[in-house]
Amino acid sequence: MAHEATHDLHDDHHEPQGFFQRWVMSTNHKDIGTLYLIFSLTMFFIGGSFAMVIRAELFKPGLQLVQPYFFNEMTTMHALVMIFGAIMPAFVGLGNWMIPLMIGAPDMALPRMNNLSFWILPFAFALLLSTLFLPGGGPAGGWTMYGGYIVQPPAGPPLSLQTGSLAYAVFAIHLMGISSIMGAINIIATILNMRAPGMDLLKMPVFVWSWLITAFLLIAVMPVLAGAVTMLLTDKYFGTSFFNPHGGGDPVLYQHVFWFFGHPEVYIMILPAFGIVSEVIPTFARKPIFGYRAMVYAIACIAFLSFIVWAHHMFAVGLPLGADIFFMYATMLIAVPTGVKVFNWVATMWGGSMTFETPMLFAIAFVILFTIGGFSGLMLALVPADFQYHDTYFVVAHFHYVLVTGAAFAIMAATYYWLPKWTGHMYNEFWGKVHFWCSVVFVNVLFFPQHFLGLAGMPRRIPDYNVAFADFNMMSSIGGFLFGASQLIFLGVIVHCAFFSKKKATDRVWEGARGLEWTLSSPPPHHSFTVPPVVRDEELAHGHADD
Amino acid sequence: MTSGSIRTNRAGPHGDRIRPGHRRTTGIRRAVAASSALVLALAAGLAQAAPKPWQLNMERGVTTWSGEPYFLNNVALGVCVVIGLLVFGAMFIAMFRFRKSRGAVAEKWAHNTTVEIIWTAIPVVILVVLAWMSTGGLVSFANTTGSQMTVKVTGYQWKWRYDYVDYQGKAVSKVGYMSKLDALSDKTRQLDSGMDPYAVKTGDENTYLLDVDKPLVLPIHTKIRFVITSDDVIHSWWVPAFGWKMDAIPGLVNTAWTNINEAGTYRGQCAELCGQDHGFMPIVVKAVSQEDFAKWLAAQEQASAAPAAADGPATAQVAPPAPGGKG
């Protein structure tokens with residue numbers, strides 16, 4: 001078979017490779033996964049530094065540090081960098097590393113495309129971040145880039161400032177989209193074609209399932225985003241009027257198209273997190289995941305619903321009554337499968353034999369804090385209440401609970417969970433726990449008060465505010481600085497584990513770990529599962545397949 | 001319908017009793033101080049709706065409709081708190097009881113159809129109730145018929161324009177004006193102005209970034225229809241005391257309505273990112289009795305009819321210029 005041929009070829013690569021050849025020309029899923037994860041961590045700190053600027057300016061009333069326009073650049077770039085640079089590549093990196101190991105495949109199905117889909121990203125972000133150094137500054141219309149803001153007649157200095165950065169941002173988004181689509185194709189091809197014999201679809205780990213579904217979401221919606229921003233671009237530079245009201249276009253159309261991408265995008269950032277937590281909790285509860293099939297179906301159900309709820313981001317645009325009602329009901333429905341997942345995680349813990357290493361701590365914090373984000377999501381779904389919440393700090397609190405304590409915490413759980421497998425060494429458990437406790441305390445100091453600010457009437461995306469909002473903003477900023485500083489501990493733990501840790505990791509690493517990845521050595525050989533493994537049902541994380 | 005029960009609900013002026021637990025102790029003294037100040041203001045007979053320090057919950061609002069979001073907010077919050085207590089409670093019990101360090105041995109089961117059906121069905125029932133309650137409020141909000149007055153609101157970067165279209169069935173002739181951030185706030189908010197935001201006051205109330213040169217004047221006990229649009233980019237017109245916000249979109253006209261119950265001054269802000277000064281285009285509504293409003297409107301019409309007369313003196317009759325007017 002073809003695998004045999006490539007196998008021999010790959011063996012040649014075990015000759016000493018140069019740094020350049022190893023890392024830049026790699027077609028190895030582990031190396032590319034590592035590259036993705038390093039890239040993502042870098043972007044996490046860059047995006048985080050933008051957040052520090054935002055929180056510093058909001059520390060007290062009055063403008064002390066930056067001009068309002070620059071503040072808007074920071075909110076815009078923070079979102080773009082964190083979404084497209086930190087969270088999504090982290091999940092792709094985890095998928096690259098773990099999916100072949102979890103399904104017993106020798107590599108990703110399309111290794112060269114894998115290399116390409118990673119190496120597009122640094123260029124895309126160089127393009128995006130370079131806008132900060134343009135004469136007119138970077139994009140400042142928010143990450144949603146609402147057409148009404150960017151597409152406007154050139155009138156006065158602040159508007160013409162927008163000119164240059166839009167093109168850069170749009171091309172950067174095109175590149176990110178191409179990268180994501182290629183990554184998604186690769187993951188689908190790998191999962192559907194390269195599972196070891198006996199690894200039936202309904203025996204796959206939940207993480208693999210979550211990525212399979214996420215990959216379909218990516219392929220479905222990234223082209224929609226590309227189309228939306230391309231129309232913005234032609235409106236701006238080629239005189240079209242897709243969204244430009246001065247030529248008869250409709251700014252609300254942009255919002256519809258954007259959020260048709262945007263809402264599935266939100267789930268692209270959370271479904272793999274569900275997968276991670278569904279791996280971590282059974283391991284440390286030493287008990288199979290409760291309701292494996294329900295978990296898989298719930299993910300599929302959430303993914304389907306994500307396509308029919310987009311206008312809940314637009315309840316204030318003046319939708320017709322019927323649309324308001326439809327999108328409200330559809331949005332509320334999401335609470336059902338999401339609730340099932342949360343209940344199943346709790347039921348997995350119930351009756352287990354739990355220990356609380358760092359990955360488990362992050363996974364438990366994920367379940368609690370993501371659920372709080374889900375609660376505020378349910379409140380936001382109720383349209384009359386949303387008329388008040390919409391575009392306030394209540395929304396900011398909501399999506400940071402689902403994206404920071406949701407997606408980012410899951411990524412941290414995954415990092416601690418698999419780091420010993422990747423490096424062959426144990427991380428320092430004490431400092432991992434310090435990182436966890438600092439993060440979980442400060443993230444709540446950072447984001448919980450923002451609920452109150454929103455309810456009291458503070459709009460989002462404002463650089464300055466009335467003194468009534470001062471106390472909670474100061475609290476939030478202090479939490480923000482400390483949460484930001486805590487992430488340096490994370491960096492320290494990772495660097496220590498990768499380069500300095502003396503403590504060897506065992507193959508299984510965690511006592512309760514189940515699944516094919518733990519049958520390999522730590523670190524796994526450069527080329528693993530060159531011979532397909534034998535899959536034994538009792539070795540799988542969710543026990544027997546008929547559960 | 002619900003409005004009766006809402007009024008009795010109004011335990012505190014900003015209802016912070018509803019919000020449980022979190023971080024209340026730190027703010028409790030100032031919250032009490034703020035509440036008592038507000039009670040005094042209410043006793044003086046003039047409602048003032050502006051955010052309060054340490055405010056924890058949404059305000060009830062002052063219109064016939066504004067109780068809907070407030071009521072829904074409180075119900076949904078209550079539901080979430082109860083579910084949260086149950087779920088997190090179960091988690092903490094599990095974390096305590098089923099620890100390996102306490103000698104817990106893992107069970108083998110991983111499935112229970114009955115339980116799974118129950119915890120799928122119960123949320124469905126709760127959601128149906130919430131959906132039913134929201135739908136009522138939504139339908140009443142969508143009904144702008146029977147309005148006694150129409151005001152056109154136009155968003156600009158970065159100010160609002162108000163045009164009075166008709167009142168009590170009669171067209172209003174040429175009453176309209178721009179409304180923008182007051183001069184003192186504007187001066188104070190400049191980077192490195194060296195001025196203290198805490199010093200920007202109207203009476204005893206801090207109005208930093210929440211005051212305008214010319215407020216929108218509206219009558220109470222009148223169903224007022226707003227037609228809302230924009231001249232440049234998308235803005236959003238939001239007065240929290242009215243219970244809703246509505247986007248001002250270029251090329252489109254949105255409608256909304258309100259019926260204010262109490263005279264007073266109500267403050268809000270633009271709620272859609274609209275460029276660099278998005279944070280500096282507040283909204284102030286001054287709600288007055290119908291008699292006062294009729295007088296004010298007549299004076300405005302007269303002033304705009306007299307060709308030479310600027311609208312300056314006319315507005316001064318009812319809407320005095322913001323303090324510290326000269327910038």
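The chains referred to below are lettered A, B, ... by the order of the sequence lines, with proteins before strands, and numbering in each begins at 1.
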**Report entry** Which of B:I249, B:D192, B:T255 touches chain A most, by non-hydrogen pairs under 4.5 Å
**Finding:** B:I249

Query raised in the report: Regarding B:N73 and A:Y389, is there a side-chain donor-to-acceptor distance under 3.5 Å anywhere?
Result: yes

Query raised in the report: Under 4.0 Å between a Lys/Arg side-chain N and an Asp/Glu carboxylate O for B:E205 and B:R267?
Result: yes

Query raised in the report: Would you say A:L58 and A:F71 make side-chain contact, with heavy atoms under 4.5 Å?
Result: yes

Report summary line: If one checks every heavy atom of B:F92 against chain A at 4.5 Å, the contacting part turns out to be side chain

**Report entry** Heavy-atom pair of closest approach, residues B:I228 and B:D247
**Finding:** CG2-O, 3.9 Å

**Report entry** Residues of residues 235-242 of chain B contacting chain A, heavy-atom criterion under 4.5 Å, by residue number
**Finding:** B:W238, B:P240

**Report entry** Segment of B:R102 engaging chain A (4.5 angstrom heavy-atom cut-off)
**Finding:** neither

Query - B:F88 versus chain A, the contacting section by heavy-atom distance below 4.5 Å - result: side chain

Query raised in the report: Are any side-chain N or O atoms of B:T229 and backbone N or O atoms of B:L252, one a donor and one an acceptor, separated by less than 3.5 Å?
Result: yes

Requested in this report: Go through A:V467, A:D250, A:D324 and name the one with the most non-hydrogen pairs under 4.5 angstrom from chain B.
Outcome: A:V467

Report task. Please look at A:A381 and chain B and tell me whether the side chain, the backbone, both or neither of the residue comes under 4.5 angstrom of a heavy atom of that chain. Result -> neither

Query raised in the report: Rounded to the nearest 0.5 Å, how far apart are OH of B:Y70 and CD of B:E59?
Result: 10.0 Å

Report task. Step through it carefully: locate the ring centre of B:W244, locate the ring centre of B:F226, and say whether they are under 6.0 Å apart. Result -> yes

Query raised in the report: Looking at A:Q64, A:Q388, A:R461, which makes the most heavy-atom pairs under 4.5 Å with chain B?
Result: A:Q388

**Report entry** Selection from A:T75, A:I364, A:T348 maximising heavy-atom pairs under 4.5 Å formed with chain B
**Finding:** A:I364

Query raised in the report: Using a cut-off of under 4.5 Å for heavy-atom pairs, which of A:L453, A:I325, A:D391, A:V340 has the most such pairs with chain B?
Result: A:D391

Query raised in the report: What part of B:D231 lies closer than 4.5 angstrom to a heavy atom of chain A: side chain, backbone, both or neither?
Result: backbone

Report task. Can you tell which part of A:P61 gets under 4.5 Å to a heavy atom of chain B, answering side chain, backbone, both or neither? Result -> both

Report summary line: Comparing B:M95, B:K100, B:E272 against chain A, the one with the most heavy-atom pairs below 4.5 Å turns out to be B:K100

Query raised in the report: Relative to chain A, which segment of B:V200 carries a heavy atom at a distance below 4.5 Å: side chain, backbone, both, or neither?
Result: neither

Query raised in the report: Does the B:N206 side chain pair with the main chain of A:N466, one donor and one acceptor, at a distance under 3.5 Å?
Result: no

Query raised in the report: Which word best sums up how the rings of A:F290 and B:W109 line up, parallel for under 30°, tilted for 30 to 60°, or perpendicular for over 60°?
Result: perpendicular

Query raised in the report: chain A heavy atoms under 4.5 Å from B:I83: which part of the residue, side chain, backbone, both or neither?
Result: both

Requested in this report: Among B:L191, B:L209, B:T188, single out the residue with the greatest number of heavy-atom pairs under 4.5 Å to chain A.
Outcome: B:L191

Requested in this report: Evaluate the side-chain proximity of A:M332 to A:L382: yes if any heavy-atom separation is below 4.5 Å, no if none is.
Outcome: yes

Query raised in the report: Which region of A:M328, side chain (C-beta onward) or backbone (N, CA, C, O), has a non-hydrogen atom less than 4.5 Å from a non-hydrogen atom of chain B, or is it both or neither?
Result: side chain

Query raised in the report: Relative to chain A, which of B:A76, B:G279, B:G84, B:S134 shows the most heavy atom pairs under 4.5 Å?
Result: B:S134

Query raised in the report: What do the steps show when you test B:R60 against B:S66 for side-chain hydrogen bond (donor to acceptor under 3.5 Å, both in side chains), and what is the final call?
Result: CA-CA 6 Å; B:R60 157 67 179 80; B:S66 64; 3.1 Å; yes

Query - Distance in Å, A:E357 CD paired with A:T283 OG1, rounded so as to fall on 0.5 Å steps - result: 10.0 Å

Query - Greatest number of heavy atom pairs closer than 4.5 Å to chain A - which of B:D277, B:N112, B:V75 - result: B:N112

Report summary line: Taken to the nearest 0.5 Å, the spacing of A:F469 CZ from B:W54 CH2 works out to 14.0 Å

Report summary line: Note: vs chain B, highest number of non-hydrogen pairs under 4.5 angstrom among A:I368, A:T355, A:V252, A:L65 is A:I368

Query raised in the report: Which pair of non-hydrogen atoms, one from B:S140 and one from B:W65, has the smallest distance, and what is that distance?
Result: OG-NE1, 3.1 Å

Query raised in the report: Ring centres of A:F387 and A:H390 under 6.0 Å apart?
Result: no

Report task. Heavy-atom pairs under 4.5 Å with chain A are the metric here; pick the option from B:A104, B:C80, B:G251, B:A256 that has the most. Result -> B:C80

Query raised in the report: Is it the backbone or the side chain of B:A131 that comes under 4.5 Å from a heavy atom of chain A, or both, or neither?
Result: both

Query raised in the report: Looking at CZ of A:F243 and CG of A:L253, how far apart are the two atoms once the value is rounded to the nearest 0.5 Å?
Result: 5.0 Å

Requested in this report: Assert yes or no for the condition that the ring centre distance of A:W345 to A:F366 is strictly below 6.0 Å.
Outcome: yes

Query raised in the report: Given that the side chain runs from C-beta out, which part of A:V342 has a heavy atom under 4.5 Å from chain B: side chain, backbone, both or neither?
Result: side chain

Report summary line: Per-residue tally against chain B (heavy atom, under 4.5 Å) across A:V336, A:V317, A:I462, A:V367 peaks at A:V317

